[in-house]
Amino acid sequence: MSSSNTLPQIDFKRPLVSLNTVMAALDRDGLAIVGMIEDGSLPWAFNVGMDDHRREIRVLAHCVSDFQNGRLSQSRALDFSGVLALIFPMLPLVRPGVVASIKASAVARRFNLKTETAIKLMDAGCFREVSNSVRRCGPGGSPTVELSSVVEFLKQRRIV
């Protein structure tokens, strides 16, 4: 048995993690984490809540890992397209005349939200639903949204 008090580091499975996850990973309270976001120690964070009054903060997991490992400069060096590649590694190639789309359930997984919350964001006008999208209950029934509207949402909701 080791006498060290160090805990194992966490491997994140989702690209954006909740404020509570960041608090647990970095052993800091919520106000300290928000301060770290505002001072640039955690440079990529977003409010994925319904509006500014109901904040749902998500932090790029890459930033949390870099902070844990003393590699903060790597997260700070990311630009928005690099962040998008981390959040959506499956991004399709842009083709003229083709609207890139993604299922609301996939957005929910990438944003670490419930699918119902992603659909509420879509219904509130935060994401544009693809015109031929079909909604139904059960597997495969998640509506499809325009990827460009999801990207625009992230641009508008970055916390700096």
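Because the structure is predicted, anything quoted here is derived from the model rather than measured.
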Undergrad: Taking Val160 as the starting point, is it possible to reach Ile33 by hopping between hydrophobic residues whose side chains are less than 4.5 Å apart?
TA: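 Different clusters: Ile33 never reaches Val160 through Ile, Leu, Val, Met, Phe, Trp or Tyr contacts under 4.5 Å.
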Undergrad: State whether a side-chain donor-acceptor pair under 3.5 Å links Thr21 with Arg14.
TA: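 Side-chain D/A pair, Thr21 to Arg14: absent.
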Undergrad: Find out whether Glu146 and Val150 are in side-chain contact, i.e. whether some heavy atom of one side chain is under 4.5 Å from a heavy atom of the other.
TA: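 In short, these two side chains do not touch, never coming nearer than 4.5 Å.
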Undergrad: Which atoms form the tightest heavy-atom contact between Ala104 and Ala118, and what is the distance?
TA: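 Scanning both residues completely, I find the closest heavy atoms to be O-CB, 3.6 Å.
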Undergrad: Strictly by modelled atom types, are Asp39 and Ser41 linked by a side-chain donor-acceptor pair under 3.5 Å?
TA: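 Indeed, the side chains of Asp39 and Ser41 share at least one donor-acceptor pair under 3.5 Å.
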Undergrad: Which side-chain N or O atoms in residues 105-113 pair as donor and acceptor under 3.5 Å with protein atoms at least two apart or in another chain?
TA:
| from | atom 1 | to | atom 2 | distance (Å) |
| --- | --- | --- | --- | --- |
| Arg110 | NE | Ile87 | O | 2.7 |
| Arg110 | NH2 | Ile87 | O | 3.1 |

Undergrad: Would a distance-only check, ignoring hydrogens and angles, find a side-chain to backbone donor-acceptor pair under 3.5 Å from Lys103 to Ser142?
TA: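 Indeed, once roles are kept as given, a pair shorter than 3.5 Å links the two residues.
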Undergrad: Measure from the side-chain N and O atoms of Asn47 to the backbone N and O of Arg157, and report whether any donor-acceptor pair falls under 3.5 Å.
TA: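 No: the side chain of Asn47 does not pair with the backbone of Arg157.
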Undergrad: Quick one, Phe153 and Lys155 - any side-chain contact, counting heavy atoms below 4.5 Å?
TA: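 Not in contact.
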Undergrad: Quick one: which of Asp66, Leu42, Leu78 gives a side chain to side chain contact (heavy atoms under 4.5 Å, CB included) with Leu60?
TA: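 Per the side chain to side chain contact (heavy atoms under 4.5 Å, CB included) rule, the option paired with Leu60 is Leu78, out of Asp66, Leu42, Leu78.
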Undergrad: What's the verdict on side chain to side chain donor-acceptor pair (under 3.5 Å) for Ser81 and Asp79, showing C-alpha distance, side-chain angles and the deciding distance?
TA: CA-CA 6 Å; Ser81 62; Asp79 61 5; 3.0 Å; yes
Undergrad: Is there a donor-acceptor pair closer than 3.5 Å between any side-chain N or O of Ser65 and the backbone N or O of His62?
TA: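 Looks like no, no N/O pair under 3.5 Å.
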Undergrad: Under a 3.5 Å distance rule, please check whether Arg28 uses its side chain to pair with a backbone N or O of Val34 as donor and acceptor.
TA: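 No, the answer is negative, given that no donor and acceptor are paired below the 3.5 Å cut-off.
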Undergrad: Working to the nearest 0.5 Å, report the span between CD of Glu129 and CZ of Phe127.
TA: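 Rounded to the nearest 0.5 Å, the CD-CZ separation comes out at 12.0 Å.
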Undergrad: OG/Ser148 to CD1/Ile102 distance, rounded to the nearest 0.5 angstrom?
TA: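 It comes to 11.5 Å.
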Undergrad: Hey, are the side chains of Met50 and Leu121 touching, using non-hydrogen atoms and a 4.5 Å cut-off?
TA: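 Contact flag for Met50/Leu121 side chains = yes.
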Undergrad: With a 4.5 Å cut-off on side-chain heavy atoms, are Phe12 and Val64 touching?
TA: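 Answer yes - side chains close enough.
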Undergrad: Tell me, please, which residues at least two apart from Phe67 pass ring-ring contact (aromatic ring centres under 6.0 Å, His included).
TA: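 In terms of ring-ring contact (aromatic ring centres under 6.0 Å, His included), with neighbours along the sequence ignored, Phe67 is linked to no residue.
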Undergrad: Within this structure, what is the CD-NZ distance for the pair Glu116 and Lys120, rounded to the nearest 0.5 Å?
TA: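 NZ of Lys120 is found 8.0 Å from CD of Glu116.
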Undergrad: Report the distance from atom CG of Leu154 to atom SG of Cys126, rounding to the nearest 0.5 Å.
TA: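 Leu154 atom CG to Cys126 atom SG measures 11.0 Å (nearest 0.5 Å).
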Undergrad: Are side-chain heavy atoms of Ile119 and Lys114 found at a separation under 4.5 Å?
TA: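 Of all side-chain heavy-atom pairs linking Lys114 with Ile119, none is under 4.5 Å.
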Undergrad: Indicate yes or no: at least one non-hydrogen side-chain atom of Arg128 is less than 4.5 angstrom from one of Met122.
TA: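 When only atoms from C-beta onward are counted, Met122 and Arg128 do not touch, as no gap falls below 4.5 Å.
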Undergrad: Tell me, do Trp44 and Leu16 make a side-chain contact under 4.5 Å, heavy atoms counted?
TA: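 A side-chain contact under 4.5 Å is absent here.
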Undergrad: Give a yes or no on whether the backbone of Arg71 and the side-chain of Asn69 come within a donor-acceptor separation of less than 3.5 Å.
TA: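 Answer holds: no.
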Undergrad: Should Pro43 and Cys63 count as side-chain neighbours, where that means a heavy-atom distance under 4.5 Å?
TA: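 Counting from C-beta outward, Pro43 and Cys63 do come under 4.5 Å.
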Undergrad: Can you hop from Leu31 to Met36 via hydrophobic side chains spaced under 4.5 Å?
TA: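 Unlinked, Leu31 and Met36 end up in two clusters.
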